[in-house]
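Remarks on the structure that follows.
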Amino acid sequence: MSALHALSTAPVAHAGLDLARIRADFPILRQRVHGKPLVYLDNAASAQRPKAVIDAISECYSTYYANIHRGVHLLSERSTAAYEGAREKVRAFLNAASVQEIIFTRSTTESINLVASSFGGSMVKAGDEIVITGMEHHSNIVPWQLLCERTGATLKVVPFTDAGELILEEYERLLDSGRVKLVAVVHLSNALGTINPVKFMIELAHARGIPVLVDGAQSVPHLAVDVRVLDCEFYAFSSHKLYGPSGVGVLYGKQALLEAMPPYQGGGDMIRLVTFEKTEYADLPNKFEAGTPNIAGVIGLGAALDWLNAIGLDAVAAHEHELLDYATALLQQIPGLSIMGTARDKAALAAFTLQGVHPHDIGTILDREGVAIRAGHHCAQPVMQRYGVPATARASFAVYNTRDEVDALVKALWKVKELFE
Ligand SMILES: *Cc1c(COP(=O)(O)O)cnc(C)c1O
């Protein structure tokens, strides 16, 4: 608890964030690993959950759990109300026009596969093109490759600079082929930290009548997102990176498009009438939610949004920016360390290599010091290929991280240097 004590007396540069209180909300952070206080800096892989989320899930299972949308008994009515209440929270979080535009899935991955399968399967033909970028997560690459294999369409890739910024002239050039049916772009890169100019990119696509899907898996925990300001056709994210439970994802889609799209999966809860001759599908959003969903998980996501809204994403972003600047300055002092991803508009994570040390060794030594980071290709192998490295080490920040934890990271990295010299 010494870190917490230090925090309560340390000056805090950002306005209004009570870090000691925020940290106290996370039971998992109060532990030692290998005898050292846990410093959790693997938030881009998955964040931790506040007690409010754990309690909401526990309360659901302990007091009112039943299957939803079959409301003849009280528990089912209560579960349905809580589940649909969470949908309204997600709608408000994204500022979507209607709850019918909010589809619950398993993950970002499933949300993107839904669009690739349903939109892609019905709208994309041989000779068409899908535009993605060179910094996509595998889950925003492979579903489009599968679609291209099925349809005979072609995948086009927007390149990026050494700093990790998309080359927008190349993007416009690709859009001008006249064959592009969809753009799929990551909002905040999990491998580089780059925040892409998605609003501008959407305007360029719309000027040519092309719809856009935004992979928001990394952005939603770090910056306020308004799908009506962005005007994107689709926006996908996962609950588990947003302080919510794993196993829940969200797909936002514009209503007219979702209505025109065929169902993704068939089964219960997505139908109005089934006969062996023909099935009438349910209205949105149920048309895309076949089968019993992760009821308690969705309710947990709703609790995560309440928790996050109470802090406010602007305060979160300010705090994380301060941490990133502090970390970047200290990391740059380590000889042989190079940071991958130095875009002007960047958030929440530092990916780096250390000369002469494999990233996995960095990760293992840091773990012995209690510091949890990610080492690997971050599900973005083309990004590694772009820089000619097999892997990087990545420290990624969340609202509960502190300057003391950045100090612990940097101290452990100096130890790595010593061991390898
Ligand atoms: C994590 C991540 C995904 C995939 O999220 P899942 O929850 O694993 O489906 C997609 N895109 C980006 C940018 C990510 O960081």
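Heavy atoms only: backbone and side chains are in, while hydrogens, waters and symmetry mates are out. We count ligands from 1, going down the list as the structure has it; atoms in each ligand are counted the same way.
Side-chain contact check for Ser46 and His240: at least one donor-acceptor pair (N or O, by modelled atom type) lies under 3.5 Å. Side-chain polar atoms of Gln100 and Gln255 form a donor-acceptor pair below 3.5 angstrom. Defined by atom type and a distance below 3.5 Å, a donor-acceptor pair is present between the side-chain atoms of Asn67 and Thr292. If you check the side chains of Asn43 and Asn401, you find a donor sitting under 3.5 Å from an acceptor.
Glu259 contributes atom CD, which lies 14.0 Å from atom NZ of Lys254 (distance to the nearest 0.5 angstrom).
Within 6.0 Å of the NZ atom in Lys417, the count of heavy atoms belonging to other residues, nucleotides or ligands exceeds 12.
The His240 neighbourhood of ligand 1 comprises atoms 6 (P), 7 (O), with distances under 4.0 Å to a heavy atom of that residue. Each of the atoms 13 (C), 15 (O) of ligand 1 lies under 4.0 Å from some heavy atom of Asn190. Taking every non-hydrogen atom of Ser107 and a distance limit under 4.0 Å, the qualifying atoms of ligand 1 come out as 7 (O), 9 (O). Distances below 4.0 Å separate heavy atoms of Thr109 from the following atoms of ligand 1: 4 (C), 6 (P), 8 (O), 9 (O). Distances below 4.0 Å separate heavy atoms of Ser139 from the following atoms of ligand 1: 3 (C), 4 (C), 10 (C), 11 (N).
The shortest heavy-atom distance from Asp215 to ligand 1 is under 4.0 Å. In this structure, Glu136 has no heavy atom closer than 4.0 Å to ligand 1.
When non-hydrogen atoms are compared, ligand 1 lies under 4.0 Å from neither the backbone nor the side chain of Glu110.
Residue Thr108 holds the heavy atom nearest to atom 5 (O) of ligand 1 of all those in Leu188, Val186, Thr108, Val248.
Applying the side chain to side chain contact (heavy atoms under 4.5 Å, CB included) test between His187 and each of Val214, Thr194, Asp215 identifies Val214 as the sole match.
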